[in-house]
Structure formats: structure tokens, C-alpha cells
Peer 1: 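After the C-alpha cells below, expect a handful of questions from me.
The analysis underlying the following values was restricted to heavy atoms, covering all of them including side chains, and did not include hydrogens, waters or symmetry mates. Just so it is clear, the structure is predicted and the values come from calculations on it, not from any experiment.
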Amino acid sequence: MNENIQKGKILIVAGEASGDHHAADLVKAIKKNNPQLDFIGVGGDAMRAAGVDLLYHISQLAFLGFAEIIKHLPFILKVLKTIKTELQQDTRAIILVDYPGLNLRIARIAKKMKVPVIYYISPQLWAWREKRIAKIRRFVDLLLVIFRFEVEFYKKHNITAHFSGHPMVDQIRIQQTESEFRKANNLPTDKPILGIFPGSREMEVKNLLPVLLESAAKIRREFDCLPVIGCAPQLSESLYDKLRENYPGIPAIRSQTHQLMHFSHCAMVASGTATLELGYLQTPMVVLYSVSPLTYRLGKMLIKINNIAMVNIVLGKTVVPELIQENITVENIVSEIGRYFAEPGYHNIIVAELGAIKTVLGDRGASQRAADKITAFLNDI
């Protein structure tokens, strides 16, 4: 290992909850290789716990869609200015984690300032906005991807991408039995669980949770199940308490998301990384996607694939139902979730089809493989 990388500052930027956890695991793995490296950046509680000195918290960047981004543009420009200032202060390299709307702008700034750019969890350019590939080619020095098929996708565009596997695989560790989980959370043992996962952003939760709760109440009456809300740890308890005031019989659980996913008979989930987590755990689901009308109209013009849910995208077909925009109604949710309770054969088919996700996501050790690749890259610069 070259002496000149033993010390130095790495800037790392993640913009949402899933990226925060993935970045935190990556930082810990890199520090295992290079204990004297310092990390500063944008992220959440997981990154802070991993030793990253935060410039901004992800809770300040919880924008969903074009309309929200436009509304918060002054703050975004402030973030970019802060990052540019940090890049000027003897930064060894910058690691960008997913979140392409902001991170590709940062990549341009860093490249102009001759700071090496590492992109971990590449933008999903195979799904939309393929024109951004030119930016990856121009601004990114090391590209690390988490899906096997992305290597071939980038190869077709003369870009070398390195497959490290999905870090989520290491993060999912179920160490309780179902009876232990239920006992620890005072949940009855005689009812199947209906998981409710309304997203990780405050706006998402406010938008989706009311209709999910109304739907869950109807499903509970019809199938005698137990609806349980999985709370995003970075959001306040008061947010959930206020939204479920009229549903006191529906409990909310915090910081046990994977356990709740695993022990749920089925789930209602906001589109995002959570669909992959549920898929990996082979829990049947209904996926909901709701954004502002402007964002949706613009997105329809740009997206070139047939599915919204990541779980369906990586499997290459519609395995679990998706409800989008105006189709998110109590009637539709009850109908789709009801099939999982009413038709055991259908439930079992979906469970079996979700099993293919484990092959797509790779083996455990993704964060360490990515860290080793980054360490070798730093050795060479």
C-alpha cells in the first residue's frame, strides 16, 4: 500500500436512507483497510455512527420528484457550494452513493477540480435518462455497480463497471424466531401479519400512510389479520402517531424493519429499496408509487422500462402488483392484498418467484469487495 494514502480526507455523499446505510457499511470496510482515512460528507445517522463528520443530514434532502427539487433549489445550491468548498481543502477522493440528481452535479464539480470521483451504486441509467451515460464517462473515475446485468449494460457504452454485489444482502440478518419477535413487540400470536411500509421520506409517509391504514382496517376485518406499520427510524414517532390517530389498533414498530418484513404474510410498500428487501426475504407485496402530477408526467416521458418496482425490474417481469398514482385506492389495495390471504396457491407462487432475487443480488461481502476495489484505486492515484 502506498504511504500517501495512509492519511487523508475522503468526501462521501448519500442522499437518502438506503444510501446512508450502504455508505456507512462501505466506510467501515474502507477504514478496515485504511484506518487513518478521515470521512466527511452528506448522510444520515448510520454514516455518523460509522465515523463520518456530517455537513448535512439526509433529512434535509428528503425531496421526492421534480416539483420538490425546484421548490428547494436554493437549499440544493447551498449544499453544492459547501461541497465545493470541502473539495478545495485537500480531499483525496469523493465517493458518491446512488442519488444521481445531486451526485452527478457533484461529480462534474469534483472532476473540474481534479478530485478523483468514485461512484458506488451507479445511477439506474438502464431504466431512464440514458443520456446521462455521457456524464458517467466524463466525470467518474471508478464505477461500482450492485446488479450483475449493469456490468454488461455499461460495457455496451464503453464504460468499465465493477460488480461488487448488493450491500443489502449483508444488512439483512434475521436473528429472532417469529415467536420471539411477536413477544418482544407485544403482538398476538394467532393472526398473520400484514406489513405496512409507507416509505422513508416524510412526504411519502404523509401521502401514502392514510390510504394504507384505511385499506388495512378493511383487510383486517375481512381476513382477521394483524396490520403493523414499519417506521423509518429517521422520521419522528409523532409523524406516525398523528397519522394513525383513528387506527389505535394498528401498532407501529421502529428499528426492526427486516424482522417485520420477514415475519409478514404479505406487505404494502412504497416503491423503492424496500421492495428489494421484501423480495429478498420472499415476502409477497403490493407496491405503491405516488408522486406529484408534474413529476409523474415528466417521468413517463423519460422512463423506458415497463415496471416501477425495483423488485420487478431486477426480475425482468411483473411478479408483484404495482399500483401507480390514481390507481392507489382503498378498493384496489384491498383487492390485491386480499388475494394473498384468500388464495394460498397464489401466495406460494409469488414466494417461489421472489426466490430468484438472491441470485441477482450476489453473495454476502459486497461492502468489503467494494472497499477493496476503492483501496486499490486509491493506491494507484
Peer 1: With Tyr280, which residues qualify under ring-ring contact (aromatic ring centres under 6.0 Å, His included), at least two apart?
Peer 2: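 Result, ring-ring contact (aromatic ring centres under 6.0 Å, His included) vs Tyr280: none returned.
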Peer 1: If a pair satisfies salt bridge (Lys or Arg N to Asp or Glu O under 4.0 Å) and one of its residues is in residues 103-125, list it, with sequence neighbours excluded.
Peer 2: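 Salt bridge (Lys or Arg N to Asp or Glu O under 4.0 Å) check on residues 103-125 returns Lys111-Asp141.
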Peer 1: How close do Ala23 and Val97 get, heavy atom to heavy atom, and via which atoms?
Peer 2: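 Shortest heavy-atom contact: CB-CG2, 3.9 Å.
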Peer 1: Which pair of heavy atoms, one from Cys266 and one from Ile337, lies closest together, and at what distance?
Peer 2: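 Distance-wise, the nearest heavy atoms are SG-CG2, 4.1 Å.
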Peer 1: Going by the salt bridge (Lys or Arg N to Asp or Glu O under 4.0 Å) test, which pairs reach into residues 10-29, not counting sequence neighbours?
Peer 2: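 Counting only pairs at least two positions apart or across chains, the salt bridge (Lys or Arg N to Asp or Glu O under 4.0 Å) contacts touching residues 10-29 are Glu16-Arg201, Asp25-Lys28.
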Peer 1: Determine the interplanar angle of the His347 and His265 rings, folded into 0 to 90°, and report it as parallel if under 30°, tilted if 30 to 60°, perpendicular if over 60°.
Peer 2: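 Parallel, since the angle between the ring planes stays under 30°.
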Peer 1: Is there a path from Ile349 to Leu281 through hydrophobic residues (I, L, V, M, F, W, Y) whose side chains come within less than 4.5 Å of each other?
Peer 2: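 Ile349 does not cluster with Leu281.
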Peer 1: Just jot down the salt bridge (Lys or Arg N to Asp or Glu O under 4.0 Å) partners of Arg364, sequence neighbours excluded, or say none.
Peer 2: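 Per chain and number, Arg364 pairs via salt bridge (Lys or Arg N to Asp or Glu O under 4.0 Å) with no residue.
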Peer 1: Under 4.0 Å between a side-chain nitrogen and a carboxylate oxygen: does that hold for Glu202 and Lys206?
Peer 2: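 A salt bridge links Glu202 with Lys206.
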Peer 1: Tell me whether Gln89 at atom CD has more than 12 heavy atoms from other residues, nucleotides or ligands lying less than 6.0 Å away.
Peer 2: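 Atom CD in Gln89 is packed in, count exceeds 12.
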Peer 1: Partners of Ala270 by side chain to side chain contact (heavy atoms under 4.5 Å, CB included), sequence neighbours excluded?
Peer 2: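 Counting only residues at least two positions away or on another chain, Ala270 forms a side chain to side chain contact (heavy atoms under 4.5 Å, CB included) with Glu204, Leu208.
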Peer 1: Which residue in the set Val42, Ile40, Ile109 passes side chain to side chain contact (heavy atoms under 4.5 Å, CB included) when paired with Ile83?
Peer 2: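 Exactly one pass, corresponding to Val42.
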Peer 1: For Glu353, check salt bridge (Lys or Arg N to Asp or Glu O under 4.0 Å) against everything at least two apart and list the hits.
Peer 2: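 For Glu353 the salt bridge (Lys or Arg N to Asp or Glu O under 4.0 Å) partners, ignoring immediate neighbours, are Lys317.
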Peer 1: Show me the pairs that pass ring pair (Phe, Tyr, Trp, His ring centres under 6.0 Å) and involve residues 13-49, at least two apart or across chains.
Peer 2: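 Every ring pair (Phe, Tyr, Trp, His ring centres under 6.0 Å) pair that includes a residue of residues 13-49, provided the two are not neighbours, is His22-His166.
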Peer 1: Would you kindly confirm whether Leu278 and Leu354 end up in one hydrophobic cluster when ILVMFWY residues are joined by side chain heavy atoms under 4.5 Å apart?
Peer 2: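 Yes, Leu278 and Leu354 fall within the same hydrophobic cluster.
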Peer 1: Within the side chain of Glu150, is there an N or O that forms a donor-acceptor pair under 3.5 Å with the backbone of Val145?
Peer 2: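 Side chain of Glu150 to backbone of Val145: no pair is present.
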Peer 1: Can you see which heavy atom on Ile250 is nearest to which on Ala216, and at what distance?
Peer 2: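 In terms of heavy atoms, the two residues are closest at CD1-CB, 4.2 Å.
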Peer 1: Heavy-atom count check: over 12 atoms from other residues, nucleotides or ligands less than 6.0 Å from Glu237 CD?
Peer 2: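 Counting other residues, nucleotides and ligands, CD of Glu237 stays at 12 neighbours or fewer.
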Peer 1: Give every residue pair that meets the salt bridge (Lys or Arg N to Asp or Glu O under 4.0 Å) criterion with at least one member in residues 78-87, sequence neighbours excluded.
Peer 2: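 Of all non-adjacent pairs touching residues 78-87, those that pass salt bridge (Lys or Arg N to Asp or Glu O under 4.0 Å) are Lys9-Glu86.
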Peer 1: Going by the ring pair (Phe, Tyr, Trp, His ring centres under 6.0 Å) test, which pairs reach into residues 223-247, not counting sequence neighbours?
Peer 2: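 Only Phe223-Phe341 qualify under ring pair (Phe, Tyr, Trp, His ring centres under 6.0 Å).
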Peer 1: Would you say the side-chain atoms of Asn185 pair up with the backbone N or O of Ile253, donor to acceptor, closer than 3.5 Å?
Peer 2: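 Side chain of Asn185 to backbone of Ile253, a donor-acceptor pair under 3.5 Å: no, none is there.
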Peer 1: May I ask you to check whether Asn312 and Thr318 show a side-chain donor-acceptor distance below 3.5 Å?
Peer 2: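 No, because no side-chain N or O of Asn312 sits under 3.5 Å from a partner of the opposite role on Thr318.
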Peer 1: Who pairs with Thr275 by side chain to side chain contact (heavy atoms under 4.5 Å, CB included), at least two apart in sequence or on another chain?
Peer 2: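 Side chain to side chain contact (heavy atoms under 4.5 Å, CB included) list for Thr275, sorted by chain: Val269, Met285, Val287, Met310, Val311.
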Peer 1: Quick one: list whatever passes side chain to side chain contact (heavy atoms under 4.5 Å, CB included) with Gln368, sequence neighbours left out.
Peer 2: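 In terms of side chain to side chain contact (heavy atoms under 4.5 Å, CB included), with neighbours along the sequence ignored, Gln368 is linked to Ala29, Lys32, Asn33, Ala371, Asp372.
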Peer 1: Does anything in residues 173-200 pair up under salt bridge (Lys or Arg N to Asp or Glu O under 4.0 Å), and if so which pairs, sequence neighbours excluded?
Peer 2: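 Matches after skipping sequence neighbours: Glu178-Arg182, Lys191-Asp224.
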